[in-house]
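All remarks here apply to the structure that follows.
Chain identifiers are assigned alphabetically (A, B, ...) following the order of the sequence lines, protein sequences preceding nucleic acid strands; residue numbering begins at 1 within each chain.
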Amino acid sequence: MEPGDSTKQARAAAQLRKGVLEYCVLALMRDRPRYGVELLQALEDSGALATSQGTVYPLLSRLRRDDLVTTTWQESASGPPRRYYALTDSGRAALDEFTRVWPGFRDAVDTFLSTPPPSTGDHA
Amino acid sequence: MKTPADPVRDYLRAVEREASALPADRRQELVADLAEHVEVTRAERPDATPGEILAELGDPRTIAATALAEAGRAPGIPAEGGAGDPARRGKVHPLVPLLMLTLSLPFVMVFSESPGPLFGLLFRIAGVVLLCTSVHWTTVRKTTGVLLAGVVPTVVIASWNLSSGGPAGDTPALVGNLGMLALMTGTAVWLWRSRRA
């Protein structure tokens, strides 16, 4: 493979990740609060959403400032206390909205990718 | 006293250095988050070396760039831009053009001697310019405001002065001036109420 090809692939993945990462992070907190390392581990395990882990902390910081998540400290049996991230009502609303629009978005992209582009008439 | 090489400390310093454009509280929060991540990961995976943990966190430059991008889109942080930036122009408080327009007339009524009317006119022109460049009104409202609070009173008073030539202090002139003042005040109140946040 040409080096340029892998760079372009990485760029496509990075663009997609940029758009959906925060909603995936919110989704990880849907059922219970999670602490940072736990969130990063889940993203890592997903494969496609794995990212340079440190970049998730600025995202979490913004979610907190935008009042989509709240944080609480909890003691742990091993090691230092963990900072847990939990959804707020507006965080849950943002996640619900994304959950609502995502299937249509995904299907539209699939359609563009799987069918030939419509004829313009010139080539009929 | 020189401590032995501490890769974690060096890494956090590198993040701090790369993120120097961030507000101090954001920068400290980022460094604290990363330090906490390293501590927790060390506790959970005692076998992992600091080098491995830091490699997973990624390049300090990438993290700092992400933090700057996140800070840029957050509300409350002003967007970058010089004085000539159109986004900054027109951010004058909406009261300023309204007061300049309305007060220009009583100013002239009080200071009717020579430089007074000139200053009053300049006041009114500045008010019109500020009103037109303001972001607080639609074009239709601005046009209406300029006509009712600027053009009409100026034309009426000017033609009154030119035709009668009488002193501004006599009763009909006073009534005329007060009428125009009421029109300007009414327009200003209407503009104030219909302004956009």
For residues [X] and [Y], determine if any side-chain heavy atom of one lies less than 4.5 Å from a side-chain heavy atom of the other.
| X | Y | result |
| --- | --- | --- |
| B:Thr66 | A:Leu59 | no |
| A:Arg83 | B:Asp33 | yes |
| B:Val40 | A:Pro80 | yes |
| A:Tyr57 | B:Ile63 | no |
| B:Leu30 | A:Pro58 | yes |
| B:Arg26 | A:Arg65 | yes |

If you group Ile, Leu, Val, Met, Phe, Trp and Tyr by side-chain heavy-atom gaps below 4.5 Å, do [X] and [Y] land in one group?
| X | Y | value |
| --- | --- | --- |
| B:Trp190 | B:Val151 | yes |
| B:Leu178 | B:Met180 | yes |
| A:Leu16 | A:Val20 | no |
| B:Leu174 | B:Leu105 | yes |
| A:Leu95 | A:Phe105 | yes |

(request) Evaluate whether atom CZ of A:Arg106 has more than 12 neighbouring non-hydrogen atoms of other residues, nucleotides or ligands under 6.0 angstrom away. (result)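 Yes.
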(request) Return yes when atom CG of A:Asp45 has more than 12 non-hydrogen atoms of other residues, nucleotides or ligands closer than 6.0 Å, and no otherwise. (result)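 Above 12, so yes.
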(request) Could you tell me which non-hydrogen atom of B:Ala43 sits nearest to which non-hydrogen atom of A:Ser78, and how far apart they are? (result)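 Shortest heavy-atom contact: CB-O, 4.2 Å.
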(request) Give, for atom CG of B:Leu57 and atom OG1 of A:Thr55, the distance between the pair rounded to the nearest 0.5 Å. (result) 9.5 Å
(message) I need the residue from B:Glu29, B:Arg42, B:Glu39 with the largest number of non-hydrogen atom pairs under 4.5 Å to chain A.
(response) B:Glu29
(request) For residues 31-40 of chain A, pull every pair meeting side chain to side chain donor-acceptor pair (under 3.5 Å), keeping only residues two or more places apart or in separate chains. (result) A:Arg32-A:Glu38, A:Tyr35-B:Glu44
(request) Go through A:Gly79, A:Gly36, A:Gly54 and name the one with the most non-hydrogen pairs under 4.5 angstrom from chain B. (result)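 So the answer, after comparing A:Gly79, A:Gly36, A:Gly54, is A:Gly54.
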(request) Go through the atoms of B:Glu56 and report whether side chain, backbone, both or neither lie under 4.5 Å from a heavy atom of chain A. (result)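 Both parts, backbone and side chain.
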